[in-house]
Amino acid sequence: MMARQVDERDGQWEDQALGYRVVILRENGVDWHTFDVESETLTPVESWALERSGGCDFSIAARVATDGGVGLIWLTPPPETFSEEKETR
């Protein structure tokens with residue numbers, strides 16, 4: 001991990017998340033279970049995902065409004081990452 005101080009005014013845009021999307025990957029990433037989770041903060045969403053994942057990989061994204069509907073900003077590696085990792089092993 002790396003951290004550096006920045007000017008908070010350098011962001012081009014910001015938006016409030018509508019909620020979160022959690023993808024739990026079972027069967028070595030072949031079987032995806034996707035949930036929309038409503039919470040004000042990320043911490044309870046992480047706890048919820050850990051509890052329900054049963055030790056399986058999972059991904060969490062913030063859901064944001066877009067002109068065409070809903071967009072996702074991945075806060076963890078996206079689910080495709082876990083599938084790709086398993087294919088290269």
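We're numbering straight along the sequence, starting at 1. Just the heavy atoms: all of them, side chains too, but no hydrogens, waters or symmetry mates, feed the values below.
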Applying side-chain contact (heavy atoms from CB on, under 4.5 Å) to E38 and not counting sequence neighbours gives D36, R63
A49: partners by side-chain contact (heavy atoms from CB on, under 4.5 Å), with sequence neighbours left out: V22, F58, I60
Applied to residues 67-79, the salt bridge (charged side-chain N to carboxylate O under 4.0 Å, His left out) test, sequence neighbours excluded, yields none
Under the salt bridge (charged side-chain N to carboxylate O under 4.0 Å, His left out) definition, can you give me all pairs with a residue in residues 44-56, not counting sequence neighbours? none
Say whether, by atom type as modelled, one donor and one acceptor occur between the side chain of R26 and the main chain of S53 under 3.5 angstrom. yes
Is it true that a side-chain atom of S59 and a backbone atom of P77 form a donor plus acceptor pair closer than 3.5 Å? yes
Hey, are the side chains of L25 and C56 touching, using non-hydrogen atoms and a 4.5 Å cut-off? no
If you group Ile, Leu, Val, Met, Phe, Trp and Tyr whenever their side-chain heavy atoms sit less than 4.5 Å apart, what else falls in with [X]?
| X | answer |
| --- | --- |
| V6 | none |
| V70 | L18 |
| W13 | V64, I73 |

Please report the closest heavy-atom contact between V23 and W32, naming both atoms and the distance. CG1-CE3, 3.9 Å
Exercise: identify the closest heavy-atom pair between T66 and G71: CG2-N, 3.6 Å
Residues which pass salt bridge (Lys or Arg N to Asp or Glu O under 4.0 Å) with D7, listed by chain and number, not counting sequence neighbours: R9
Would you say F82 ends up clustered with F35 if hydrophobic residues are merged whenever their side chains have heavy atoms under 4.5 Å apart, either directly or through other cluster members? no
Treat each ILVMFWY residue as a node, draw an edge where side-chain heavy atoms are under 4.5 Å apart, and state whether V37 and W74 are in one component. no
